[in-house]
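Reckoned from all heavy atoms, side chains included, excluding hydrogens, waters and symmetry mates. Reminder, nothing fancy here: chain letters follow the sequence lines and each chain counts from 1.
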Amino acid sequence: MSRLTLTLKAHPDFALDMSAVTPAALLDKRLPQIRAIKLQHGRRRVALGDWFEVEGDTKATALVIESSQASLHRVGAGLTAGTSIEVHGDCGLETGLRMRGGVLRISGHAGDGTGLGMRGGLIDIAGDCGDFAGGPAPGDVTGMKNGAIVVGGHLGARAGERMRRGLIAAGGNAGAYCGSQMVAGSIVVLGECGEGVGSGMRRGSIVLARPSSVAGRNFVLTGEFELAFLPLLISYLRELKPEWAPRLNKLGRVSRWVGDAGNGGFGEILIARRR
Amino acid sequence: MKINGVFIEDTFAEAFPMKATRLIITAYNSTWANHAANALTGFATSVIACGCEASIERQLTRQETPDGRPGVSVLLFAMSNKELTKQLQNRVGQCVLTSPTSACFGGIETGDPLPLGKTLRYFGDGYQISKKLGAKRYWRVPVMDGEFLCEESTRVTKAVGGGNFLILAENQAQALKASELAITAMRKVRDVIMPFPGGVVRSGSKVGSRYKTLPASTNHRYCPTLNGVVDSALPAGVGAVLEIVIDGLTAPAIDEATRVGIRAACGLGRKGGIMAISAGNYGGNLGPFHFKLRQILK
């Protein structure tokens, strides 16, 4: 597959805003034009070519960022369907901001605010993800409205806050207040979950592979079930992360807690029963 | 042309364009999936009075279903998208939603969407839950045994209805035996259904009637008890005729079903009482699809 490769030449000391760099924005531009694209670097505007070696097919819909660092913010912002970005290394804040489609794969970690205001597509992070994943973009009332954020490592605090639709899944642990004020959508955590999971949630599903303390809060235990939709969710996650298959297979029978009653909510926290 | 001594008439089956969809019904086990599918496809032999033609296409293994449970694939055919939509809502709502442990999914990936769970979800009275996984949306409707899971929509495709062939035998038992052999063979063909009871129809019809209110009436030219009284189409010695009607998602699928069905029916041979194979048509003026028996059997 043809691709355009950007290789970071040096480590930026502070934020380098990558929101102007998407396959759609670069499509059909010649290499000199691409090198001249302006990026916000702190208070200054710099040329992309000042920081990156650029090579490859300028007609490609696949973009590769080599030697990426956590100081690269807003990587994949506004990414659209039919395009992809593969990041070798880490990403900084607001990765995949308001992403609308396509695939963003990150081999390292992603910072806070990943997938804010996401509308579609897939963010696949091999490492950890910071706080507020899938939450509302600045100025928005609700969080992500579609798409999937799949995290191989740990999720930070307040993942899926006010999310409206879509999926967030983590192979590791999730921080505090996971799914707080969630409106709809699904969150799956295969590791431990921090305190306050589902606080204020109105609807939506939070699936936990390990026991979590829900009792005593505003959640009502409705019983233990084998829900018909779980095999579909498992099958979908298995496609996204085949290496999760052995752990996903343990999500059979679940305890179903409904709440947050303090918010008049009908959300659900599904906790896997040990087999 | 003869197969095993059975004369194959130089004629053709005349078929019509229809709209079709496939549903996948799953349940706790195969028995309950079949209960739901049998209810769904009940009273769906002919569009003349049933609204649609439907039947079980085949049994599905756990590996073939979306939720990994045993299942059944069902095909429904109707004359228009509107009628198919109505039939889907009524039949899935009354026969699948009501069946213990059942779930219902669309079985065709391309074509215009037809509402499935999109409308049935309202049975949940506000307690229903939407789940969007990738490009597909599902509805979880709370019911007394847990949840009814239903995909939001299925897809409609252009299809062909009314493929057929006639088995002309010396007596009823022989015609029935040949029909059973044909149906057993034809049920292995994908993308087709034989919607009549057991796949076989004994009341072949013609368009119109001497009674003005009836759109169809008995095909008197193929009734052995009228042989010699009317302008019968039956050769002397024919004591029973059974018809197998085939609806298919594609014309080649009907070709294949016709081929294996006739060959299986002819397995009994002339010595087994099977005298001829024919087909029903309207002179070729009504339906755009013509399935020529001798060409198919070459």
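- With rounding to the nearest 0.5 angstrom, the CD atom of A:E226 is 8.0 Å from the OH atom of B:Y28.
- Using a 4.5 Å cut-off between heavy atoms, A:A228 contacts chain B through both its backbone and its side chain.
- No more than 12 heavy atoms of other residues, nucleotides or ligands shown are found within 6.0 angstrom of CZ on A:R164.
- For the ring-ring contact (aromatic ring centres under 6.0 Å, His included) condition, no pair includes a residue of residues 229-265 of chain A, sequence neighbours left out.
- Residue-environment remark: CD (B:E64) exceeds the threshold of 12 foreign heavy atoms within 6.0 Å.
- Take B:E57 and apply the salt bridge (charged side-chain N to carboxylate O under 4.0 Å, His left out) test, not counting sequence neighbours, and it matches B:R22.
- At a 4.5 Å heavy-atom cutoff, A:I234 makes no contact with chain B through either its backbone or its side chain.
- Around the NZ atom of B:K118, the shell of radius 6.0 Å holds no more than 12 heavy atoms that belong to other residues, nucleotides or ligands.
- Counted within 6.0 Å of CZ on B:F16, heavy atoms from surrounding residues, nucleotides or ligands total more than 12; the atom is thus considered enclosed.
- Of the atoms belonging to A:L167, not a single heavy atom falls under 4.5 Å from chain B.
- Within residues 143-163 of chain B, the residues having any heavy atom under 4.5 Å from a heavy atom of chain A are, by residue number, B:E147, B:L149.
- Contacts between B:F105 and chain A at a heavy-atom distance below 4.5 Å involve the side chain alone, from C-beta outward.
- No more than 12 heavy atoms of other residues, nucleotides or ligands shown are found within 6.0 angstrom of CZ on A:R202.
- Contacts of residues 129-142 of chain B with chain A at a heavy-atom distance below 4.5 Å involve B:I129, B:K131, B:K132, B:L133, B:G134, B:R137, B:Y138, B:R140, listed in sequence order.
- Residue-environment remark: CZ (A:R105) stays at or below the threshold of 12 foreign heavy atoms within 6.0 Å.
- With a 6.0 Å radius and a threshold of 12 heavy atoms from other residues, nucleotides or ligands, B:R202 has its CZ atom at or below the threshold.
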